[in-house]
2 protein chains.
Amino acid sequence: MTDPDLSRRIRDAGGRVTTARLAVLRCLADADEPLTPDEVLEHLGRNSDHVPDRVTIYRAIDWLAVHGLVRRLATVGRAARYEPVEDKEAHAHFQCRRCAQTRCLPAPTPPLPPLPPGYAAERVELVIHGLCAACRTGDTP
Amino acid sequence: MTDPDLSRRIRDAGGRVTTARLAVLRCLADADEPLTPDEVLEHLGRNSDHVPDRVTIYRAIDWLAVHGLVRRLATVGRAARYEPVEDKEAHAHFQCRRCAQTRCLPAPTPPLPPLPPGYAAERVELVIHGLCAACRTGDTP
DNA sequence: GTCTTTTTGCCATTTTATTGCATTTTTAAC
DNA sequence: GTTAAAAATGCAATAAAATGGCAAAAAGAC
């Protein structure tokens, strides 16, 4: 997705198109797996001249999440992970229990289980727990 | 499940049956939803005379998790949540995006999506994101 | 009860995230 | 392009969740 596209998405969401927001969204869109705020910061450090403050990254991500451009995943690890909200959705995530790596998997949309009365479902997420290839061969599981 | 049962599970896992481990396991087994370490601490404070230190709770939970008596869930909130590993498994979890309440739902076991080569799946978790009844009627979504 | 090993409690520290406020940037109006 | 209002940023401080080190205490074997 091109920068003008991303800018437009931010503007359409009712916010100002700032360097930080654009850079964060760009970063998440380019990444092939969900990133933590710190990973975003690190990526930006490698690919940009001006690196926003850590707090700004947090706030930018939060803004993007609240406005539906980005999504926070359910994680087993300590840090939150975010991925861009794209058109083609419905994919699961694999999470390695050793290295906390998280990657996207193709997956059928699971059916929504019955909810208690009054509850409203907004999204179904499928998380596969296990060991990634590196951690499985590396050392003690 | 009775205390002797729980003690036996701990002993069978190769650990000492300590007050803290037993209390934590008891607490998680009695709760009808997954709890955070702090919630466990709070429950124990209400139901016991001697309350273990917070760090002890963390370590007890961790030991139980490593030895398969308890399971850490994927969460959207900051704190980890744990539930006992029981016989009847295969259930999904609902997480409210406002109050972070987490509760168990009956659910069919979703099929395992294809994994990249070398990856090993150990568990499939289904997370339903949304609003609980209280948060939906309470105030602004 | 005594001995050995494991676990606990307490303190300090780390990791991840949030808040407050002055300064800067963005945008819309001229 | 200036300019003014609103929104976003940077920095320092703080909070929340979890972890590490080590002496004291408790389990379990005898």
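Below, each value reflects all heavy atoms present in this structure, side chains not excepted, and no hydrogens, waters or symmetry copies. Chain A is the first sequence line, chain B the second, and so forth, proteins listed ahead of strands; every chain is numbered from 1.
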(message) Treating primed atoms plus P, OP1 and OP2 as sugar-phosphate and everything else as base, which nucleotides of nucleotides 24-30 of chain D get B, S or - for protein heavy atoms under 4.0 Å?
(response) --BBS--
(request) Could you encode protein contacts along nucleotides 16-21 of chain D as a string, one character per nucleotide from 5' to 3', using B for base contact, S for sugar-phosphate-only contact and - for no contact, with a heavy-atom cut-off of under 4.0 Å? (result) BBBBBB
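Ion pair B:Arg26/B:Asp30 flagged as a salt bridge, since at least one NZ, NE, NH1 or NH2 atom sits closer than 4.0 Å to an Asp/Glu carboxylate oxygen. Checked for salt-bridge contact, A:Arg54 and A:Asp38 meet the test: a charged N lies under 4.0 Å from a carboxylate O.
Each end of the helix from C:dG1-D:dC30 to C:dC30-D:dG1 gets its own rotation axis from five pairs of C1' atoms, and the angle between them is 40° to the nearest 10 degrees.
At least one donor-acceptor pair closer than 3.5 Å links the side chain of B:Gln95 to the backbone N or O of B:Ala74. Side chain of B:Gln101 to main chain of B:Cys132: no donor-acceptor pair is present (N/O by atom type, distance under 3.5 Å, no hydrogens or angles).
B:Val17 is not listed as a side-chain neighbour of B:Arg21, based on a closest heavy-atom distance of 4.5 Å or more.
In this entry the distance linking NE2 of B:His67 with C1' of C:dT7 reads 13 Å, nearest Å. Atom P of nucleotide C:dT18 and atom CH2 of A:Trp63 are separated by 17 Å, given to the nearest angstrom. Put simply, CD on A:Glu39 is 15 Å from P on C:dT15, counting in whole angstrom units. As rounded to whole Å, 15 Å separates atom P of C:dA17 from atom CG of A:Asp53.
Of all non-hydrogen atoms in B:Ala65 and B:Tyr82, the two that sit nearest each other are CB-CE2, 4.5 Å.
Residues A:Leu44 and A:Leu35 are members of one and the same hydrophobic cluster, defined by side-chain heavy-atom contacts under 4.5 angstrom among Ile, Leu, Val, Met, Phe, Trp and Tyr.
B:His91 and B:Glu83 are linked by a side-chain donor-acceptor pair at a separation below 3.5 angstrom, with hydrogens and angles left out of the test. A donor-acceptor contact under 3.5 angstrom links the side chains of B:Thr102 and B:Arg81, judged on distance only.
Atom CG in A:Leu25 sits 9.0 Å away from atom OG in A:Ser7 (nearest 0.5 Å).
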